[in-house]
Amino acid sequence: MGTRTRSPSVIVKGLIKNFGDTQALNGVNLEIAPGECIGILGPNGAGKTTLLSILTCQMGSFEGEVFVENLNVKKNSAEVKRRIGIVAQDDGLDPDLSVIENLILFAHYFNIPESVSAAKASEILRNVQLIDYADKPVDNLSGGMKRRLALARGLMNDPDILFLDEPTTGLDPQMRQWIWNYLQHLKSVGKTLILTTHYMEEAEMLCDRVAIMDHGQILDLGSPEDLIQRKIGAEVIEFQLEARDVGYYVARLKEAGCSFEVFNSCISVFLPAGANTKDVLSLVVAQRTTIRKAGLSDVFLRISGHDLGHRDIGGVHV
Amino acid sequence: MSKSLNAANDRLTWHNATLIVRRHFLVLKKTWMNSFVWMIAEPLFNLTAIGFGLGAFVARIADRPFIEFFFPGLICSSVMMAAYFESSYGTYTKWTYSKVFRSVLYAPVSAKDVLFAELMFSTIKASCSAIGIVIVASLFGLVDSWRIFLAFSVFLTLAWAFSAFGLLVCSFARNYDSFIYSTSGVIVPFALISGVYYPIGSMPLGFQILAYLFPLSHGVALAKDILWNQITDVSALHAAALLGLTAILHFWAVRRMTKALQR
Ligand SMILES: Nc1ncnc2c1ncn2[C@@H]1O[C@H](COP(=O)(O)OP(=O)(O)OP(=O)(O)O)[C@@H](O)[C@H]1O
Ligand SMILES: [Mg+2]
C-alpha cells in the first residue's frame with residue numbers, strides 16, 4: 001500500500017453498546033486507513049450491524065470513542081453523514097416514494113440542486129439497471145431491486161467512505177458480479193469501503209483486510225492471506241468419520257501434534273505450508289477424505305467456533 | 001465516558017426541517033382525496049348535525065343562536081383532532097411501521113429536524129382543516145368579520161400544541177393500541193368539557209378546573225373572545241395559559257422523542 005500519511009478514515013476506541021441486557025458490542029477497537037476495503041465477518045448476532053449503525057451515526061448512545069474522517073460521531077453526525085454513503089442491511093428506503101424520488105429527495109438534503117440530482121439519479125439507476133422502474137413505487141420492487149436502489153442512494157452524494165451492510169445478500173449472480181466490479185471500481189478511485197458479508201469469497205476477493213467478529217468483539221484482524229496463513233496454514237484435510245470413531249482419531253491426531261477442529265463427525269486437520277500430507281493421511285481411515293486449499297471459511301470456523309453456513313470453497317476428493 | 005449526546009448533534013436546521021415537510025406534502029399529494037374528505041367532510045357533518053340539527057332544539061346559549069356559539073369551538077376541536085391524529089398515528093407510522101424516519105436519517109439531518117418537520121406538517125394540515133371549515137361555514141353565513149384572520153393565531157397555536165401532544169404520546173407508545181388511551185382517555189373527554197358544546201361555567205367546579213388544565217379550553221375561550229369581539233383581561237390570561245401549556249407540551253415532547261430517535 002506504500003506509506004500513508006493521511007490520518008485514518010475510521011477510528012474506533014473501546015466501543016461498547018448494550019441493548020438492555022444484551023451486550024451487542026463489547027469493547028471494539030479498530031482503525032481503517034483511507035482507501036482501504038475492510039470486510040467484517042461474523043455469525044448472526046455478532047454485532048456487525050450495530051457497529052455499522054454507530055459508525056454511520058444511526059445510533060447515538062454508546063460508550064467509547066468513534067471518529068470518522070477525524071470527526072467525532074457524537075458531536076458532528078450531520079457532517080459525518082455528509083461524507084459517507086450508507087447501504088443498510090434492510091435497505092431503509094422510503095416506502096411512500098417512487099424509485100427516483102428516493103434518490104432525488106435524498107440528494108436535496110445534501111443541497112444538490114434538482115437539475116444535477118435528476119441527471120445523476122438517472123445515471124446511477126441506469127448503472128444498477130433500475131432505470132425502467134424509475135417511477136414505480138418502492139413497494140413494487142423485488143428484494144434484490146431494493147438492494148440495488150439502496151446502493152444507488154448510498155452513492156448519490158459521492159461519498160468518500162461507503163458503508164455496506166451485506167451488500168450482496170439476496171442478489172442474483174449477475175447483480176452480485178456487477179456489485180463486485182463496481183466496488184472494485186470504487187476502490188480503484190480511492191474510496192474507503194467498509195462492508196459486512198457472510199460470503200467468504202466476497203471477502204477474499206474484495207477486502208484488503210478482514211475483521212472476524214463474534215459476541216461483540218473483533219477476534220482477529222488481518223489480510224485474508226495473513227489470516228489464512230496464521231490461523232490455518234496451507235491446506236485442510238477433512239475426514240468424514242463414523243460418529244463412534246471420532247474420539248479415537250482425535251486422540252491419535254493429538255498425539256501426532258496436529259492442529260484440527262471437530263465438527264460433528266468430521267475432523268478438519270490444518271496443515272502448514274510444506275507439511276507432509278501423507279503422514280497425516282496415514283493416521284486416519286475415514287469414510288471420505290477431502291484435501292483442499294485453506295480458505296477464510298476455515299479461519300472463521302477456527303476463530304469463532306461456529307459454522308457460518310456457507311462453505312463456498314471447492315475441494316478435491318482423494 | 002458520557003453516554004449522552006453532545007448538544008451539537010441535535011441541532012435544528014430549519015432548512016432541513018422544511019425539506020422533510022416538503023417530502024411529507026409530496027406523499028400527501030399522492031393520497032390527497034383521503035385527507036381532503038377527512039378535513040372537509042367531517043367538520044361539515046359536525047356543523048350540520050350538531051350545529052343545525054341539535055341546535056334547532058336549543059333556543060339560545062350564552063345569548064346567541066346555538067350554531068353561532070358552536071362555531072368557534074368546532075374549529076378549535078377540529079384543529080385539535082387533525083393535529084393530534086396526524087402527529088400520533090401519522091408520526092408513529094412514519095417512525096415504526098413504514099420507517100420513513102430511518103430513511104430520512106441516513107441523510108445529514110438531525111433527529112430535531114425530523115421532529116420539527118412533524119410538528120410543522122401536522123400544524124399545517126390542521127390549519128388547512130380550519131380553513132376548510134371556515135370556507136364551509138362562510139357558505140352558511142357564519143363568518144361575518146375579518147376577525148376570523150386574527151382567530152387563526154389561536155388555531156395555529158392549538159395545532160402546534162396538539163401536534164406536540166401527539167408526539168409526546170408517540171414517545172410513550174408501545175404499539176398502535178397505546179393511542180386508544182390518549183384518544184379515548186384524553187382527547188375525546190376533554191373535547192366534551194372544554195366549552196365547545198356549552199359554556200364551561202355550567203359544569204361543577206371540579207370539572208371547570210379540570211377543563212382549564214387542558215389547552216383546548218383556553219383556545220376555545222380565546223377564539224370566542226376574538227370572534228365575538230369581547231377581548232378583556234381574561235382573554236390575556238387565556239392566551240398566556242394557552243402559550244404556556246403549548247410550550248410545556250412542546251419541550252417535553254421534543255426532549256423525549258429526540259432521545260428515542262437517537263437510540
Ligand atoms: N434494536 C435492538 N434492540 C435490542 N437488541 C438488539 C437491537 N439491535 C441488535 N440487537 C442485539 O444485538 C446483537 C447484535 O446484533 P447485530 O444486528 O449487530 O448483529 P449482526 O452481526 O448484524 O447479525 P446479522 O448477521 O444477523 O445481521 C444481537 O444479539 C441482537 O439481538
Ligand atoms: Mg446485521
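Order of the sequence lines fixes the chain letters, A, B, ..., with proteins taken first and strands second; residue numbering starts at 1 for each chain.
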Between A:Lys136 and the options A:Asp132, A:Asn140, A:Asp139, the side-chain contact (heavy atoms from CB on, under 4.5 Å) test singles out A:Asn140
task: Test the A:Lys17-A:Phe19 pair against the cation-pi criterion, namely NZ or CZ under 6.0 angstrom from the six-membered ring centroid and within 45° of the ring axis.
output: yes
Exercise for review: Please determine if A:Lys74 forms a cation-pi arrangement with A:Phe62, meaning its NZ or CZ atom is less than 6.0 Å from the six-membered ring centre and no more than 45° off the ring axis.
Suggested key: yes
Cut-off 4.5 Å, heavy atoms of chain A, and the answer for B:Lys30 is side chain
Cut-off 4.5 Å, heavy atoms of chain B, and the answer for A:Leu93 is backbone
Applying a strict 4.5 Å limit to non-hydrogen atoms, the region of A:Glu101 in contact with chain B is side chain
If you draw the axis of the six-membered ring of A:Tyr199, does the NZ or CZ of A:Arg176 fall within 45° of it and under 6.0 Å from the ring centre?
yes
The interface call for A:Arg153 against chain B, heavy-atom contacts under 4.5 Å, is side chain
Whatever's closer than 4.5 Å to a heavy atom in chain B on A:Asn111 counts as side chain
Bottom line for A:Asn72: the part with an atom under 4.5 Å from chain B's heavy atoms is neither
Okay, B:Ile20 and chain A: the region with an atom under 4.5 Å from a heavy atom over there is both
If one checks every heavy atom of B:Ser98 against chain A at 4.5 Å, the contacting part turns out to be both
A:Trp180 atom CH2, neighbour heavy-atom count above 12 within 6.0 Å | yes
Partner of B:Tyr92 under side-chain contact (heavy atoms from CB on, under 4.5 Å), picked from B:Cys170, B:Ser171, B:Ser178, is B:Cys170
When the 4.5 angstrom heavy-atom criterion is applied to B:Val27 and chain A, the contacting part is side chain
